[in-house]
Colleague: 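Sending over a structure as structure tokens; questions will come in a sec.
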Number of protein chains: 2
Amino acid sequence: MAKEKARDLRTGIALLWGEQDRPTRGPKPSLTPRRIADAAVDLADAEGLAAVSMSKVAAAFDLSAMALYRYVPGKTELVELMVESVLAQVPDLSAVEGGWRPRLTHWARLSQQVHRAHPWLLAATALRRQAMGPHQLGWLDAAFAALEPTGLPAAQQHRIFVLIAGLVRTVAQEQVDFDQQHDQEWNRLTGELITRHAARFPHLTHAIAHGAFTPDTADPLDFPLARVLDGVQALIDRTDRDGRTDGNERRGGEEPS
Amino acid sequence: MAKEKARDLRTGIALLWGEQDRPTRGPKPSLTPRRIADAAVDLADAEGLAAVSMSKVAAAFDLSAMALYRYVPGKTELVELMVESVLAQVPDLSAVEGGWRPRLTHWARLSQQVHRAHPWLLAATALRRQAMGPHQLGWLDAAFAALEPTGLPAAQQHRIFVLIAGLVRTVAQEQVDFDQQHDQEWNRLTGELITRHAARFPHLTHAIAHGAFTPDTADPLDFPLARVLDGVQALIDRTDRDGRTDGNERRGGEEPS
DNA sequence: ACGCATCTGCTGACGCGATAAACAGTTTAG
DNA sequence: CTAAACTGTTTATCGCGTCAGCAGATGCGT
């Protein structure tokens, strides 16, 4: 899981951007990286990322596991291809009216939908700065397009993008993990624990008594996204008013390190 | 990785809360779950979570892998113990002056520090609603303590907690993944890609030209945390002014589903 | 003081994962 | 037509979590 090979990035990129020349000799290839990735996506959608093993993917084509290595350097690159495949619908936000806020909101919702449709995406993009394909860069471009009208410095636009992308991930995480059965069990057992040790967790107890953990039918993205965008709006207002601030003012934390 | 056993939660909780009776017969146990967890933490700190295998942990005591199963039901529970061990310093925010905002900020910073000291924590708490030990609940209690003075409804306090905890995770993710070597390589290769396909990613190109990806010496938690807390402040202001709003007003997204 | 139930820790085995190596069979360029 | 280039297979290695069964230590009830 932590074996980097240094050449992975380069080979991954080559694969993602289709920069390989399939030669003309020998038998016709029966597969393509794309077809393999799509089969892997189907498998992951149905049984989770953990079920995606070289042999199970190969089995979808009635081939042996090793056959895949003719098309894909290794599993790392296969997962990168899966991500790219799933992001094929690059958002076009130019039709969204109302400026940066509705556009960013729409971007976030589209991203959330992809995560909902492919719960494994979260785990697949979790670690490392991986090789990015054209579709992934397309999503990034769309986000910057939405942020441009804020008039904020590019560095801050980037930070806001990271913030919102992270938010979508967080919310997706909650939704992915959700499991009626398991969740009820968890609520029951943990609730019982807290009640038993109420004196040790007074504020938690108080909050629960006032409905903090009451289930909620609203889309879980609504509330946090509204908060974050309010925060961005506040930054824009302050920047417009003050002429120039770097956005890292003293509000919200003092200690130097 | 995806094998749930239904009894895991219950046994995990029993272990975390020390609700087992070690009997009196037989040889003296040479270990305790706690000592095992601490050894595993040291291993993970040094070589990453992937390096934490039953045999490697056991090797730290010159024992065989199977010996650990006398103390710990399985690896799942071991990881839960590791998390609990690392959260032993439950924050006490009562000394922090200035109301909810500095307190929440402090909570976030402490959490960030733990994540920095134990990069594997992120992966260890990534999945599922796991069994929570007293320390973990302590952190939760501290957060609600900080949120109480906002006067917001408990359900919103909970949502804000989730938002901020997620934010810390996101930032921690960035920091954990960071690797000078690999990052420079990534910047070089990906930058080159974007330049080559500039026409396809106009806004991204524009943002980069204006310094969007320029490295930054500020603590990466500063900016996003300030934005989120500004957003919370806006919610408080609005609630105070309007008397009553449910916090899911129309700002920031309209479509019903 | 003794014996056995109760422990601890060990070895061996299983199944499953990624992937390296060597090989058999196929296709096409020269 | 032949050899290079290519596809797919079998076999093997290594590491993982964990189950089963065994050897030896310990201390309770007698």
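Chain letters run A, B, ... following the sequence lines, proteins first and then strands; every chain starts at 1.
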Colleague: Using heavy-atom distances to pick each residue's nearest nucleotide on DNA chain C, tell me which of B/Pro27 and A/Ser55 is more 5'.
Modeller: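 Nearer the 5' end of the strand: B/Pro27.
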Colleague: When you check the phosphate oxygens OP1 and OP2 of C/dG9, does a side-chain N or O of B/Ser30 lie under 4.0 Å from one of them?
Modeller: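 Yes, because at least one side-chain N or O of B/Ser30 sits under 4.0 Å from OP1 or OP2 of C/dG9.
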Colleague: More 5' along DNA chain D: B/Lys28 or B/Lys75, using each one's nearest nucleotide?
Modeller: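 The residue whose closest nucleotide sits nearer the 5' end is B/Lys75.
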Colleague: Base, sugar-phosphate, or nothing for B/Val57, non-hydrogen atoms under 4.0 angstrom?
Modeller: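 B/Val57: no heavy atom of the nucleic acid under 4.0 Å.
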Colleague: Check whether any side-chain heavy atom of A/Ser30 lies under 4.5 Å from a side-chain heavy atom of A/Leu63, and answer yes or no.
Modeller: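 Result yes, sub-4.5 Å side-chain heavy-atom pair found.
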Colleague: Quick one, B/Arg196 and B/Leu193 - any side-chain contact, counting heavy atoms below 4.5 Å?
Modeller: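 Yes, their side chains come closer than 4.5 Å.
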Colleague: Output the residues of residues 61-71 of chain A in contact with DNA chain D, where contact means a heavy atom of the residue under 4.0 Å from an atom of the strand; sort by number or write none.
Modeller: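 Result for residues 61-71 of chain A: A/Leu63, A/Ser64, A/Met66, A/Ala67, A/Arg70, A/Tyr71, sorted by number.
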Colleague: Please determine whether the number of non-hydrogen atoms from other residues, nucleotides or ligands lying under 6.0 Å from atom CZ of B/Arg34 exceeds 12.
Modeller: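 Check fails, neighbour count at 12 or below.
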Colleague: Backbone N or O of A/Phe213 within a donor-acceptor pair of the B/His158 side chain at under 3.5 Å?
Modeller: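 Not confirmed, B/His158 side chain does not pair with A/Phe213 backbone.
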Colleague: With B/Asp42, which residues qualify under side chain to side chain contact (heavy atoms under 4.5 Å, CB included), at least two apart?
Modeller: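 B/Asp42 satisfies side chain to side chain contact (heavy atoms under 4.5 Å, CB included) with no residue once adjacent residues are dropped.
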Colleague: Quick one: does any side-chain atom of A/Asp141 pair with a main-chain N or O of B/His203 as donor and acceptor, under 3.5 Å?
Modeller: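 Yes; at least one donor-acceptor contact below 3.5 Å.
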Colleague: Can you give me the N/O atom pairs linking the protein to nucleotides 13-15 of chain D at distances under 3.5 Å, or say none if there are none?
Modeller:
none

Colleague: May I have the distance from B/Glu77 (atom CD) to D/dG17 (atom C1'), rounded to whole angstrom?
Modeller: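 About 12 Å, once rounded to whole Å.
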Colleague: How many whole angstroms separate atom CG of A/Leu49 from atom C1' of C/dA18?
Modeller: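 Interatomic distance, CG of A/Leu49 to C1' of C/dA18: 14 Å.
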Colleague: For the atom pair CD1 (A/Ile36) and CZ (A/Arg70), what is the distance rounded to the nearest 0.5 Å?
Modeller: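 Answer rounded to 0.5 Å: 12.0 Å.
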Colleague: Would you say A/Thr195's side chain and A/Gly191's backbone share a donor-acceptor pair under 3.5 angstrom?
Modeller: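 Looks like yes, one N/O pair under 3.5 Å.
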Colleague: Using whole Å, what does the distance between atom P of nucleotide C/dT28 and atom CZ of A/Arg25 come to?
Modeller: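 Computing the A/Arg25:CZ to C/dT28:P distance gives 11 Å.
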Colleague: What's the CZ-C1' distance between A/Arg35 and D/dT7, to the nearest Å?
Modeller: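 My rounded result for the distance is 15 Å.
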Colleague: With rounding to the nearest 0.5 angstrom, report the CE to NZ distance, B/Met54 to B/Lys75.
Modeller: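 The NZ atom of B/Lys75 is 8.0 Å from CE of B/Met54, to the nearest 0.5 Å.
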